[in-house]
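Each chain gets a letter, A, B and so on, in the order its sequence line appears, and its residues count up from 1. None of these values were measured; they are calculated from a predicted model.
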Protein chains: 2
Amino acid sequence: MEIYKGEKKRLYMEKNSIAHLFSFPVEEFMEVHEYQRDDWIIQEGRRPDFLFYVIEGKAKIYITHQNGKVSLINFINANDYIGEMELLNDVYYTKGIQASTKTICFALPIHYYRKQLLEDAKFLRELTKFLSVKATLMAAKYSQSLAFPLENRLADFILQTADEGVYKEKHVTVCDYLGVSYRHLLHVLTQFCDKGYLQKNGRNYQIKQYHSLHELAEVLKNK
Amino acid sequence: MEIYKGEKKRLYMEKNSIAHLFSFPVEEFMEVHEYQRDDWIIQEGRRPDFLFYVIEGKAKIYITHQNGKVSLINFINANDYIGEMELLNDVYYTKGIQASTKTICFALPIHYYRKQLLEDAKFLRELTKFLSVKATLMAAKYSQSLAFPLENRLADFILQTADEGVYKEKHVTVCDYLGVSYRHLLHVLTQFCDKGYLQKNGRNYQIKQYHSLHELAEVLKNK
DNA sequence: TCAAAAATATGAGATATCTCATATTATTTG
DNA sequence: CAAATAATATGAGATATCTCATATTTTTGA
């Protein structure tokens with residue numbers, strides 16, 4: 001983890017101003033943090049000292065259960081907040097957040113800014129929208145996970161993450177995200193290949209029948 | 001559904017003032033709605049015209065999937081907001097909300113108040129907290145549903161809803177809530193009886209071994 | 001550069017959960 | 001009050017998913 005200083009910091013803040021998200025100046029105590037792939041931005045169970053706002057990169061929210069299972073709760077992208085739960089709630093079990101690419105965030109020391117932030121309508125309005133989307137998304141994932149087998153959820157995930165018709169996510173990550181065992185994921189992927197929806201190319205999977213996957217994914221959606 | 005008028009309305013609003021939730025007066029266009037058990041406060045797929053605040057009663061949030069399965073996403077209680085998603089987001093699939101007891105809510109016409117509400121830090125702060133709790137809860141339920149079998153989740157649910165040592169929820173509701181089939185729920189309940197955790201009394205279940213259920217439920221929690 | 005660790009791969013048996021069929025009992029409603 | 005509807009109940013077979021064992025390949029770090 002690197003904290004930008006001096007000219008580097010000044011330049012970065014200038015190029016990526018977030019002044020429009022607040023109705024008071026936040027630059028004074030704000031820091032710029034850069035995390036490398038696999039760095040932990042927040043450690044599970046340990047309260048963060050900052051409210052983060054992601055400028056670039058991708059990260060993952062993890063929670064570890066008592067039975068050892070790990071859930072990848074969600075992905076975090078540019079323009080997302082991190083640590084907002086801890087800003088708002090005095091009692092909160094902090095989830096782990098791990099960078100999955102180089103990730104740069106602005107970091108507002110909660111200690112300094114908490115009071116002002118909680119009185120700033122502009123900030124709160126944005127955060128409220130962010131949280132409403134988050135809550136909705138979790139509700140959707142929750143109810144889908146209970147109502148549909150992996151086949152449907154995986155089809156959706158493949159379509160969402162495929163890059164130019166090629167799916168190449170890490171199996172291990174996907175297991176944690178879709179909440180199934182490694183074995184079962186591989187099993188369903190093999191089925192997709194057998195049915196001709198996908199074609200395996202070394203470590204990647206080429207989408208062969210878009211419409212079949214689409215059909216499977218479509219039933220998740222509410223119209 | 002009944003809309004309170006005149007003296008009845010005035011009295012009710014006076015006894016249950018929510019003026020402290022806003023920094024501007026909301027009484028003028030506010031309505032008081034009373035719903036009977038099984039009334040739909042909001043119909044699935046149809047945008048509501050009000051932001052509701054629940055004063056008394058209980059309700060359930062439902063979503064219907066394309067495969068016909070119904071998920072009971074969550075329960076709503078006094079001091080919860082309803083319709084906040086629609087206030088915040090222009091595009092949103094509205095979930096169904098059904099009263100499960102007589103439920104009385106204050107209803108703020110979005111049309112009149114939207115702009116002011118979105119600029120009111122006091123209101124937004126409360127709503128933000130409400131949403132953060134909601135998002136956290138959904139995330140917890142989501143990851144638990146994937147990481148643990150019904151046995152654990154049911155034990156937790158029984159402990160949470162039992163009334164003086166007696167569990168008497170409707171099976172059908174619980175199926176929708178825990179996302180399992182009726183058959184399987186009954187199966188696990190029978191197991192609990194066989195193991196001596198519960199004892200069936202007519203339509204209810206008496207808790208016999210608190211600690212066993214507690215043990216099963218405990219592994220869901222993060223410490 | 002080599003050993004350790006992580007990721008991929010596959011088989012086989014176990015179990016959690018679902019679907020469907022069917023019966024009985026309670027509750028609601030015209 | 002009777003008929004319709006909802007809730008409870010149980011059996012049996014199907015399937016989705018898990019666990020464990022084990023092997024190979026790739027990536028990583030000292």
A.B. asks: Measure from the side-chain heavy atoms of A:V172 and tell me the nearest of D:dA9, D:dA7, C:dT8.
C.D. replies: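 Nearest to the side-chain atoms of A:V172, counting from C-beta on, is C:dT8.
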A.B. asks: Which atom pairs, one a donor and one an acceptor, fall under 3.5 Å between side chains of residues 152-174 of chain B and the rest of the protein, sequence neighbours left out?
C.D. replies:
residue: B:N152; atom: ND2; partner: B:L216; partner atom: O; Å: 2.9
residue: B:R153; atom: NE; partner: B:F148; partner atom: O; Å: 3.3
residue: B:R153; atom: NH1; partner: B:L178; partner atom: O; Å: 3.0
residue: B:D156; atom: OD1; partner: B:K221; partner atom: NZ; Å: 2.8
residue: B:D156; atom: OD2; partner: B:Q160; partner atom: NE2; Å: 3.0
residue: B:T161; atom: OG1; partner: B:F157; partner atom: O; Å: 2.8

A.B. asks: Return no unless some side-chain N or O of A:K200 is found under 4.0 Å from OP1 or OP2 of C:dT8.
C.D. replies: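 No, because none of the side-chain N or O atoms of A:K200 sits under 4.0 Å from OP1 or OP2 of C:dT8.
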A.B. asks: Would you mind building the protein contact string for nucleotides 12-30 of chain C? One character per nucleotide, 5' to 3', B for base within reach (heavy atoms under 4.0 Å), S for sugar-phosphate only, - for untouched.
C.D. replies: B---SBBB------S----
A.B. asks: What residues, two or more places apart in sequence or in another chain, satisfy salt bridge (charged side-chain N to carboxylate O under 4.0 Å, His left out) together with A:E7?
C.D. replies: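 Checked A:E7 against salt bridge (charged side-chain N to carboxylate O under 4.0 Å, His left out); matches are A:R10.
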A.B. asks: Can you name the ring pair (Phe, Tyr, Trp, His ring centres under 6.0 Å) partners of B:Y62, sequence neighbours left out?
C.D. replies: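 Listed in chain order: nothing, the list is empty.
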A.B. asks: List the atom pairs, with distances to 0.1 Å, where a side-chain N or O of residues 186-212 of chain A and a protein N or O form a donor-acceptor pair under 3.5 Å, not counting sequence neighbours.
C.D. replies:
residue: A:T190; atom: OG1; partner: A:L186; partner atom: O; Å: 2.7
residue: A:K195; atom: NZ; partner: A:E151; partner atom: OE2; Å: 3.1
residue: A:Q209; atom: NE2; partner: A:S212; partner atom: OG; Å: 2.7

A.B. asks: If I take atom CG in residue A:L186 and atom C1' in nucleotide D:dT25, what distance separates them, rounded to the nearest angstrom?
C.D. replies: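 One finds 14 Å between C1' of D:dT25 and CG of A:L186, rounded.
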A.B. asks: Rounded to the nearest Å, what distance is computed from the CD atom of residue A:E169 to the P atom of nucleotide C:dA7?
C.D. replies: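 Going from A:E169 (CD) to C:dA7 (P), I get 13 Å.
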A.B. asks: From CG of A:D38 over to C1' of C:dA5, roughly how many Å is that when rounded to an integer?
C.D. replies: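 Atom-to-atom, A:D38 to C:dA5, this comes out as 13 Å.
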A.B. asks: Return the value, rounded to whole Å, for the distance between atom CD of A:Q98 and atom P of C:dA6.
C.D. replies: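 Rounded to whole Å, this separation is 12 Å.
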A.B. asks: Under 3.5 Å, sequence neighbours excluded: what are the donor-acceptor pairs made by side chains of residues 29-45 of chain B?
C.D. replies:
residue: B:E31; atom: OE1; partner: B:H33; partner atom: NE2; Å: 2.6
residue: B:H33; atom: ND1; partner: B:Y35; partner atom: OH; Å: 2.9
residue: B:E34; atom: OE1; partner: B:Y4; partner atom: OH; Å: 2.3
residue: B:E34; atom: OE2; partner: B:Q36; partner atom: NE2; Å: 2.8
residue: B:D39; atom: OD2; partner: B:M1; partner atom: N; Å: 3.4
residue: B:D39; atom: OD2; partner: B:Q36; partner atom: N; Å: 2.9
residue: B:Q43; atom: OE1; partner: B:R46; partner atom: NH1; Å: 3.3
residue: B:E44; atom: OE1; partner: B:T64; partner atom: N; Å: 3.3
residue: B:E44; atom: OE1; partner: B:T64; partner atom: OG1; Å: 2.8
residue: B:E44; atom: OE2; partner: B:T64; partner atom: N; Å: 2.8
residue: B:E44; atom: OE2; partner: B:Y93; partner atom: OH; Å: 2.8

A.B. asks: What do you reckon, are the aromatic ring centroids of B:Y53 and B:F106 less than 6.0 Å apart?
C.D. replies: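 That pair fails the under 6.0 Å test.
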